[in-house]
Enquirer: 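The structure's right below; bear with me while I get my questions together.
Numbered from 1 within each chain, the chains take letters A, B, ... in sequence-line order.
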Amino acid sequence: MDEETLERVREVVRAIPPGTTSSYGEVAARAGLPGRARLVGRILAEDGHDLPWHRVLRADGTCAPQIAREQAARLRVEGVLLVDGRLPRRKG
DNA sequence: CAGATGACGCCTG
DNA sequence: ACAGGCGCCATCT
């Protein structure tokens with residue numbers, strides 16, 4: 001991992017405002033790494049402990065099973081309610 | 001080098 | 001809503 005890429009992703013995640021959410025793909029794109037959603041997940045798993053990683057969800061608004069509980073719990077504190085384990089997406 | 005895995009995402013049937 | 005396949009990158013075995 002290049003430290004630059006690492007920092008870039010970390011910064012993007014840090015820039016996610018409280019009470020809002022983003023997706024791995026979104027973060028990757030914002031970090032200048034379009035299509036590298038996988039990488040974002042890895043980075044958060046390794047060096048995202050001190051980041052608002054709970055504001056990052058999957059592209060469909062769901063969270064990863066292993067962190068789903070933490071995700072939901074942390075988001076809840078910020079006022080984000082998860083319905084059935086996912087963001088209240090409308091058919092829009 | 002080859003095979004398998006993972007906090008992912010998009011497409012097709 | 002569910003299942004299968006492909007692309008993506010880094011890491012471990």
Enquirer: Any idea which heavy atoms bring A:R55 and A:L75 closest together, and the distance?
Expert: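 Residues A:R55 and A:L75, closest heavy atoms: CA-CD2, 4.2 Å.
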Enquirer: Rounding to an integer number of Å, can you tell me how far A:Q71 CD sits from B:dA7 P?
Expert: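 Distance check: A:Q71 CD to B:dA7 P gives 14 Å.
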Enquirer: On DNA chain C, check which nucleotide each of A:E46 and A:R86 is closest to and give me the residue with the more 5' one.
Expert: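 Nearest-nucleotide comparison on DNA chain C picks A:R86.
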Enquirer: For A:G35 and for A:R42, locate the closest nucleotide of DNA chain C by heavy-atom distance; then report the residue assigned to the nucleotide nearer the 5' terminus.
Expert: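 The residue closer to the strand's 5' end, by nearest nucleotide, is A:G35.
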Enquirer: Roughly, in whole Å, what's the span from CG in A:D50 to P in B:dA7?
Expert: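 Result: 19 Å.
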Enquirer: Within the 4.0 Å heavy-atom criterion, would you say A:R58 contacts the bases, only the backbone, or no part of the nucleic acid?
Expert: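 Contact class for A:R58: sugar-phosphate only.
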Enquirer: How many whole angstroms separate atom CD of A:E3 from atom C1' of C:dA10?
Expert: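 Taking CD of A:E3 and C1' of C:dA10, I get 15 Å after rounding.
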Enquirer: For the P atoms, the ones on B:dA7 and on C:dC6, what distance do you get once it is rounded to whole angstrom?
Expert: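 Straight-line distance between the two P atoms is 22 Å.
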Enquirer: Send over the distance from A:L51 CG to B:dA7 P, rounded to a whole Å.
Expert: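 Spelled out: CG on A:L51 to P on B:dA7 is 17 Å.
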Enquirer: Rounded to the nearest Å, what distance is computed from the OH atom of residue A:Y24 to the C1' atom of nucleotide B:dG9?
Expert: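 Value for this atom pair: 12 Å.
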Enquirer: Between A:D2 and A:E4, is there a donor-acceptor pair closer than 3.5 Å when you use the side chain of the first and the backbone of the second?
Expert: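 The answer is no, because no donor-acceptor pair under 3.5 Å joins these two groups.
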Enquirer: Tell me what A:R36 touches on the nucleic acid: a base, only sugar-phosphate, or nothing, going by heavy atoms under 4.0 Å.
Expert: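 Sugar-phosphate, no base atom in range.
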Enquirer: Grab the CD1-P distance between A:I43 and B:dA7 for me, whole Å please.
Expert: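 The distance from CD1 of A:I43 to P of B:dA7 comes to 15 Å, rounded to the nearest Å.
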Enquirer: Please name the pair of heavy atoms, one in A:P52 and one in A:V13, separated by the smallest distance, quoted to 0.1 Å.
Expert: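 Smallest heavy-atom distance, with atoms named: CG-O, 3.4 Å.
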Enquirer: The side chain of A:L44 is closest to which nucleotide in this list: B:dG6, B:dA7, C:dA10?
Expert: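 Looking only at side-chain atoms, A:L44 lies closest to B:dA7.
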Enquirer: Send over the distance from A:H49 NE2 to B:dA7 P, rounded to a whole Å.
Expert: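 Rounding to the nearest Å, NE2 of A:H49 and P of B:dA7 are 12 Å apart.
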Enquirer: Using whole Å, what does the distance between atom P of nucleotide C:dC8 and atom CZ of A:R38 come to?
Expert: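 Atom-to-atom, A:R38 to C:dC8, this comes out as 12 Å.
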Enquirer: Among B:dG6, B:dG9, B:dA7, which is the nearest nucleotide to the side chain of A:S23?
Expert: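 Selected nucleotide: B:dG9.
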Enquirer: Regarding A:A59, tell me which of base, sugar-phosphate or nothing describes its non-hydrogen contacts under 4.0 Å with the strands shown.
Expert: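 Since only primed, P, OP1 and OP2 atoms lie under 4.0 Å of A:A59, the category is sugar-phosphate.
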Enquirer: If you look only at pairs with a residue in residues 29-48 of chain A, which of them pass as a side-chain hydrogen bond (donor to acceptor under 3.5 Å, both in side chains), with sequence neighbours excluded?
Expert: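 Listed once each, the pairs are A:R42-A:E46.
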Enquirer: State plainly whether one hydrophobic cluster holds both A:W53 and A:L6, where clusters connect Ile, Leu, Val, Met, Phe, Trp and Tyr through side-chain heavy atoms under 4.5 angstrom apart.
Expert: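 Yes, it is one cluster - the side chains of A:W53 and A:L6 are joined through contacts under 4.5 Å.
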